[in-house]
Amino acid sequence: MAGSKAKKPTGAPQASSSCLKKWLARGVALFLFLATCSWLDAIKDRWYVFDPTSLHKLAQEAVASAPHPDDINYMIQHIVTNLTQNYPSTQIKLNTNTSEWMFNNAGGAMGAMYIIHASITEYLIIFGTPLGTEGHTGIHTADDYFNILVGEQWAFDPPKLEKEVYPPGSVHHLPRGHLKQYKMHEGCFAMEYARGWIPLMLPFGAADMITSTLDYVSFGRTARITAREMLGNLLIGKI
């Protein structure tokens with residue numbers, strides 16, 4: 001009808017205001033999440049039970065006391081016995097079943113591992129292979145200490161073009177956020193200790209099995225034992 005006034009839409013400003021509120025809420029939630037993560041990262045040291053120096057000394061004792069330089073079974077038993085004697089079960093849960101070995105593919109390297117301890121902030125494993133392997137260390141949210149028991153490990157850390165050599169009794173420290181290429185020669189086994197946010201390391205340890213080797217048997221075994229050990233430690237208050 002001539003002269004009638006067109007009505008202005010009223011829904012657009014309301015929709016814009018609602019969208020702005022949603023984004024503000026998301027921003028606040030993200031800020032609180034990051035602040036919480038930063039706070040937890042600053043206090044995570046209080047949940048550590050092991051320390052790298054003591055574990056390195058234990059690894060050296062295992063190497064020195066072995067009846068034969070390649071007797072990895074003796075060294076593992078020496079390590080597990082010492083740990084169970086010095087760390088009460090009320091403080092930390094340890095897996096003393098030394099037959100629980102499983103294949104592990106990570107960063108292109110393949111070997112087998114035995115999980116001695118796994119919690120939210122620490123893990124301790126024996127890793128190695130009689131055949132030799134090499135690959136990428138990965139970039140992790142934890143410091144990693146590779147205590148060589150048998151054999152020799154090499155590492156490459158550009159721009160340094162000389163290889164790093166780690167014989168039995170030595171420790172190869174990979175700082176949090178760092179990366180290298182590494183090689184374990186035939187018959188190399190190590191006690192590996194990591195301290196930091198362990199759950200964030202797990203995708204690296206599982207990716208090759210899920211997307212490349214399709215070894216779901218080893219993946220399932222690894223997931224089951226890791227979850228069992230982490231839950232067991234949480235139940236006694238070990239984070």
- Query: Between Phe189 and Thr129, does a side chain to side chain contact (heavy atoms under 4.5 Å, CB included) hold up when you go through it step by step?
  - Reply: CA-CA 6 Å; Phe189 285 86; Thr129 169; 5.5 Å; no
- Apply side chain to side chain contact (heavy atoms under 4.5 Å, CB included) to Val28 and Leu24, showing your working. CA-CA 6 Å; Val28 170; Leu24 283 173; 5.5 Å; no
- Message: Assess the residue pair Lys180 and Glu164 against the criterion (salt bridge (charged side-chain N to carboxylate O under 4.0 Å, His left out)); give the C-alpha distance rounded to whole Å, side-chain angles, the decisive distance to 0.1 Å, and a yes or no.
- Response: CA-CA 10 Å; Lys180 295 181 183 181; Glu164 301 171 4; 2.7 Å; yes
- Task: Go through the steps to decide whether His172 and Tyr145 satisfy the test side chain to side chain contact (heavy atoms under 4.5 Å, CB included), and finish with yes or no.
- Result: CA-CA 6 Å; His172 178 193; Tyr145 300 85; over 6 Å; no
- Assess whether side chain to side chain contact (heavy atoms under 4.5 Å, CB included) is satisfied between Glu186 and Leu131, documenting all intermediate values. CA-CA 5 Å; Glu186 290 183 17; Leu131 306 180; 5.8 Å; no
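Annotation for Phe103: atom CZ does not count as buried by contact number, only 12 or fewer foreign heavy atoms lying within 6.0 Å. Residue Phe219 places its CZ atom among 12 or fewer non-hydrogen atoms of other residues, nucleotides or ligands, all under 6.0 Å distant. Annotation: Arg46, atom CZ; neighbour count of heavy atoms from other residues, nucleotides and ligands within 6.0 Å does not exceed 12.
Clustering ILVMFWY residues whenever any of their side-chain heavy atoms sit less than 4.5 angstrom apart, transitively, puts Leu55 in the very cluster that holds Ile76. Hydrophobic clustering (ILVMFWY, side-chain heavy atoms < 4.5 Å, transitive): Ile225 and Ile125 are in one cluster. Taken together through direct or relayed side-chain contacts under 4.5 Å among Ile, Leu, Val, Met, Phe, Trp and Tyr, Leu174 and Met191 form parts of separate hydrophobic clusters. A continuous path of Ile, Leu, Val, Met, Phe, Trp and Tyr side chains, each step under 4.5 Å between heavy atoms, connects Leu94 with Ile79, placing both in one hydrophobic cluster. Linking ILVMFWY side-chain heavy atoms closer than 4.5 Å, directly or via other members, places Ile72 and Leu58 in a single hydrophobic cluster.
Between Lys238 atom NZ and Met230 atom CE the span is 9.5 Å, to the nearest 0.5 Å. Rounded to the nearest 0.5 Å, atoms SG (Cys188) and CD (Gln153) are 6.0 Å apart. Interatomic distance, CD1 of Ile92 versus OG of Ser119, reported as 6.0 Å (0.5 Å rounding).
Residues Arg176 and His140 have side chains not in contact (no heavy-atom distance under 4.5 Å, counting atoms from C-beta outward). You'll find the side chain of Val49 reaches within 4.5 Å of the side chain of Gln91, heavy atoms only. Side-chain contact check for Glu229 versus Ile116: every heavy-atom pair is 4.5 Å or farther apart. With a 4.5 Å cut-off on side-chain heavy atoms, Ile120 and Trp197 count as touching. The shortest distance between side-chain heavy atoms of Tyr74 and His68 does not fall below 4.5 Å. No side-chain heavy atom of Asp215 sits less than 4.5 Å from a side-chain heavy atom of Ile210. Considering only heavy atoms from C-beta on, Thr98 stays 4.5 Å or farther from Asn73 through its side chain. For the pair Pro168/Gln60, no side-chain contact is recorded, criterion being any heavy-atom separation below 4.5 Å from C-beta on.
Residues Tyr193 and His56 place their aromatic rings such that the two centres sit no closer than 6.0 Å. For His117 and Tyr123, the distance between ring centers is not under 6.0 angstrom. Outside the 6.0 Å centre-distance limit, the rings of Phe156 and Tyr182 are not counted as a close aromatic pair.
Donor-acceptor pairing under 3.5 Å is lacking for the side chains of Thr121 and Lys44. Checking Asp157 against His178 by side-chain atom types alone, a donor-acceptor pair falls below 3.5 Å. Looking only at atom types and distance, the side chain of His173 has no donor-acceptor partner in the side chain of Asp144 under 3.5 Å away. In this model, no donor atom of one side chain and acceptor atom of the other lie less than 3.5 Å apart for Glu152 and His185.
In terms of modelled atom types and a separation under 3.5 Å, the side chain of Asn86 and the main chain of Asn82 share a donor-acceptor contact. Under a 3.5 Å cut-off, the side chain of Asn105 and the backbone N or O of Met209 do not form any donor-acceptor pair. Listed for the Thr84 side chain is a donor-acceptor partner under 3.5 Å among the backbone atoms of Thr81. Of the possible donor and acceptor atoms, none in the side chain of Thr133 sits under 3.5 Å from a partner among the backbone N and O of Met184. One N or O on the side chain of Ser65 and one on the backbone of Glu61 form a donor-acceptor pair closer than 3.5 Å. The main-chain N or O of Pro67 is never found under 3.5 Å from a side-chain atom of Asp71 such that the two would form a donor-acceptor pair. Without hydrogens or angle criteria, Ser54 side chain to Asp51 main chain gives no donor-acceptor distance under 3.5 Å.
Taking both residues in full, the closest heavy atoms of Ala106 and Gly205 are given as CB-CA, 4.1 Å, listed atom of the first, atom of the second, then distance. Between Ile198 and Glu122, the shortest heavy-atom contact is CG1-N, 3.4 Å. Of all the heavy atoms in Trp101 and Ile126, the pair that sits closest is CH2-CG2, 3.6 Å. The heavy-atom pair separating Lys93 from Asn233 by the smallest distance is N-OD1, 2.8 Å. Among all heavy-atom pairs drawn from Gly177 and Ile139, the shortest one is O-CG2, 3.6 Å. Residues Met113 and Phe127 share a closest heavy-atom pair of CB-CD1, 4.0 Å.
Residue Tyr166 is tested with Ile148, Asn147, Val171 for a side chain to side chain contact (heavy atoms under 4.5 Å, CB included); the sole match is Ile148.
Between Arg221 and Glu100 there is no salt bridge, since none of the side-chain N atoms of the basic residue sits less than 4.0 Å from a carboxylate O of the acidic one.
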